[in-house]
Every structure is written in structure tokens, then in C-alpha cells.
Protein chains: 2
Amino acid sequence: MLSKKAKYAITALVFIAKHQEEQPISVSKIAEAQNIPLKFLESILTELKNARILNSKKGKYGGYSLNGAPESIDMARVMRLLDGAISLLPCVSFNFYERCEECIDERTCGIRQVAMEIRDETLKRLQAATLADIVAREDRLQQ
Amino acid sequence: MLSKKAKYAITALVFIAKHQEEQPISVSKIAEAQNIPLKFLESILTELKNARILNSKKGKYGGYSLNGAPESIDMARVMRLLDGAISLLPCVSFNFYERCEECIDERTCGIRQVAMEIRDETLKRLQAATLADIVAREDRLQQ
DNA sequence: TTAAATCCTATCATTTTTATAGGCTTTAAG
DNA sequence: CTTAAAGCCTATAAAAATGATAGGATTTAA
């Protein structure tokens, strides 16, 4: 399961991507429009800024804007930033590898092999799910 | 991520499936062989018994055995029992559906659509990953 | 000067996860 | 009939993760 944090982050990013004319856009606008707790969202957007996914502008008429094209930001990147590993098992994660403590022999673990295949498939789809892709999907669903 | 509980459960089930001649097999045998905390595993096997995935036999020379063929028990079933929903979002879960609280319109949510596609793919693979399949994979990996 | 924004630091309640402890009950063998 | 070895049952609890909230400092444009 995606955490609410990651879900809020992606929702906010999609919202920003959809309002590129009005950028920068303030936390309070996003929080209100998308029903996200204001202070929680503030801390999330700070993380996105620190990770250089967003730019920020301080002061009146300030706010956040995408750092890069909507095609360059995908769900995998955001989920890894906020939730850590994407895979079902730590021993199969590219970015957050850890041994399964109880594991006897990683090489011959059948559960692990299944987890690898699911990881590959899931990752492919999450990387294809860029902000541009999600916005396009929503445009299509709108009709 | 799979919880340790679910991982331990699947590991134990695979172990039992591999030792069908010696069934029933005791918690302590499994715990020792697979490096799983004894009392924790005990509570997990109780859950599997309550869900009719395992049979138990009390008293000396008692223990647990599979309730059904190794082909009939798959990872999806075990994960749902111990961890709940398999999907990335609650609004996309077959067995544990919930609205995303903040969601404005589920029908036109692009994130949800991505989550549905990943759910379908993941579920297909988890359902194919029966105990028999996992054992066969390990036999193959052994060489 | 002021309004509206981000930035920064601290705190915190709740839930989930990962167990542990200890005794009761059942069963098969000797 | 006793005993060893197993599951059954109930309670407890430490640690980590999750999902926030509070309040003030700083920055910027009008």
C-alpha cells in the first residue's frame, strides 16, 4: 500500500502539472482543492523541493512549481522518495536492498524469485506513469 | 512491502509443502529450520489454521499439515489473510475496498487507473505463485 | 507597511508491527 | 498412570511507522 504521504504527494504533483499557467501555486490552494491537510502537505512539498522535484518561490505570490517537464517526473521516483522500497521484499529492492534476516539462501529462494518478477512489472508501470501520463489519462477519463 | 508476518507465513508453508512425508510437522521444527521466532510463528500458524489453510494435530507427535494440495494455496491468499489489501490504493482493492478519503472523483482519477493496472498484473502473478509453484522454482534454482 | 507566502523546529497521538511470557490442554508412548 | 512433547489460549509490551498539528521566523511583492 501507498502511504497517504505518497498519495498526497502524487495528487499534489498532478494538480501542479495541470495548472502550469498559474505557477507558482501555493500549498493552501492545493490543500483546499484536493482535500489534503494543510500542514501535512506543507511538509510533503518541502521534501519534494529538497529532492529537486519541485521549485519553490518564497513571499507573497510565491508557491511551488515543477522542476522539470511533467514527462520527467514519475510515480516510482515519488514513491521511493516518500515510502522507500517499491518491491515486496527488501532482498529484491534496487534502491533499498536489505537481506531478509531469517533467509537461509537468497540465491535459491522461490518467494524471492516471484518478488523479482513482480518488482520488474510494477516498476515498469510506475516509471511509465509520469505526471504527463496521469494528466493525459484523466483527460481521457473526463469524457 | 510484505510484512514479516506474511513472509514468515509463506516461508513456513513452503517448508511444510516440502516435507509432506513427515507431516504433521511441529512449530519448533519450522522455527528452527527457517530462523523464525518460535512464539511469533506459533501465532501465525494459528491464523493459518483458523483460515483453514493448515490442519493441526494436538499432543505428542502433533503439528501442522497442509489443508489441501500445494497447488491450491497461493501467495495472494496468504498475503490477504495476514496483510490485508494487495493493491497500492484502497479504492482499487477487490477484498478490502475503501474510498481514498481525500478523493474528489474516483471515476476520473488517473493515479487510480495506474493502480488498477498494477493490481491486475500483481494479482495474476501472486495467484500463480502456489506452494507447488514455489517449490518447483526452488528445485530449479537448486541446480 | 502589510498580506501572503514559504521555512523551520518541535511535538505528539495513534496504529501497526514484531514480538515475548506463561500456563492450560491434549495426545501418544512406555 | 505417568510423562514428554505438542498445540491452545490470554495477556502484555517495546519499538517503529504513520499521519498529523502548532507556532513562530523569514521572505517578498504590492
Side-chain angles (χ1 to χ4, degrees), chain A residues 1-12 16 22-32 34-65 67 79 81-85 89-90 96 98 100-102, chain B residues 1-9 11-12 16 22-32 34-65 67 79 81-85 88-90 96 98 100-102:
Chain A
M1 277 278 201
L2 225 55
S3 69
K4 289 205 166 191
K5 204 167 169 176
K7 174 79 193 305
Y8 290 160
I10 298 166
T11 301
I16 298 172
E22 336 167 16
Q23 287 183 22
I25 188 160
S26 71
V27 179
S28 53
K29 273 235 176 75
I30 305 171
E32 192 167 3
Q34 300 295 316
N35 277 324
I36 302 173
L38 177 69
K39 280 297 201 175
F40 194 25
L41 182 58
E42 198 181 308
S43 72
I44 294 167
L45 297 194
T46 298
E47 282 193 72
L48 293 173
K49 189 209 63 177
N50 291 337
R52 298 177 183 278
I53 291 172
L54 287 177
N55 291 314
S56 72
K57 195 180 171 212
K58 292 186 210 171
K60 198 168 181 180
Y61 303 106
Y64 291 93
S65 54
N67 183 23
M79 286 173 58
L81 177 66
L82 298 169
D83 285 353
L89 296 177
F96 301 87
E98 277 180 71
C100 292
E101 291 175 69
E102 84 281 7
Chain B
M1 275 278 201
L2 226 54
S3 69
K4 289 205 168 191
K5 204 166 168 178
K7 174 80 192 306
Y8 290 161
T11 302
I16 297 172
E22 333 167 16
Q23 288 182 22
I25 188 160
S26 70
V27 180
S28 54
K29 274 235 175 74
I30 305 171
E32 191 167 6
Q34 299 296 316
N35 277 324
I36 302 173
L38 177 69
K39 280 295 200 175
F40 194 26
L41 183 58
E42 198 182 306
S43 72
I44 294 167
L45 297 195
T46 298
E47 283 193 72
L48 293 173
K49 188 209 63 177
N50 291 337
R52 301 177 181 280
I53 291 172
L54 287 178
N55 291 313
S56 73
K57 195 181 172 211
K58 293 184 208 172
K60 198 167 181 179
Y61 303 105
Y64 291 93
S65 55
N67 182 24
M79 286 173 58
L81 176 67
L82 298 169
D83 284 354
L88 291 179
L89 296 177
F96 301 88
E98 277 181 71
C100 291
E101 291 176 69
E102 84 282 8

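Throughout, protein chains are lettered first and strands after them, A, B, ... in sequence-line order, and every chain is numbered starting at 1.
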Using whole Å, what does the distance between atom P of nucleotide C:dC7 and atom CD of A:E47 come to? 13 Å
d(CE, A:M1; P, D:dG19) in whole Å: 11 Å
Among C:dT18, D:dG19, C:dA19, find the nucleotide with the atom closest to the side chain of A:K4. D:dG19
Under 4.0 Å between any heavy atoms, over every strand shown, what does B:G62 touch: base, sugar-phosphate, or nothing? Just pick one. sugar-phosphate
Side-chain N or O of A:S56 closer than 4.0 Å to phosphate OP1/OP2 of C:dC7: yes
Please report, rounded to the nearest Å, how far the P atom of D:dG7 is from the CD atom of B:Q23. 13 Å
Does a salt bridge link A:E22 with A:K29, judged by any charged N lying under 4.0 Å from a carboxylate O? no
Reported CD1-to-OG distance for the pair B:I44 and B:S3, which is rounded to 0.5 angstrom: 7.5 Å
In whole Å, what is the span from the CZ atom of B:F40 to the P atom of D:dA14? 17 Å
Point-to-point distance, once rounded to the nearest 0.5 Å, from CG of A:L41 to NZ of A:K39: 11.5 Å
I want to check one thing: is the phosphate of C:dT2, taken as OP1 and OP2, less than 4.0 Å away from some side-chain N or O of A:Y61? no
Using 0.5 Å steps for rounding, measure from the CG atom of A:L82 to the CG atom of A:L48. 5.5 Å
Whole-Å distance between C:dT18 C1' and B:N35 CG? 16 Å
Below the 4.0 Å mark, does D:dG19 have OP1 or OP2 next to a side-chain nitrogen or oxygen of A:K7? no
Side chain B:K39 and base C:dG22 donor-acceptor under 3.5 Å: yes
To the nearest Å, give me how far apart NZ (A:K58) and P (C:dT6) are. 12 Å
Atom OH of A:Y64 and atom C1' of C:dA4 are separated, to the nearest Å, by 14 Å
So, is A:Y8 near the phosphate of D:dG19, with a side-chain N or O under 4.0 Å from OP1 or OP2? no
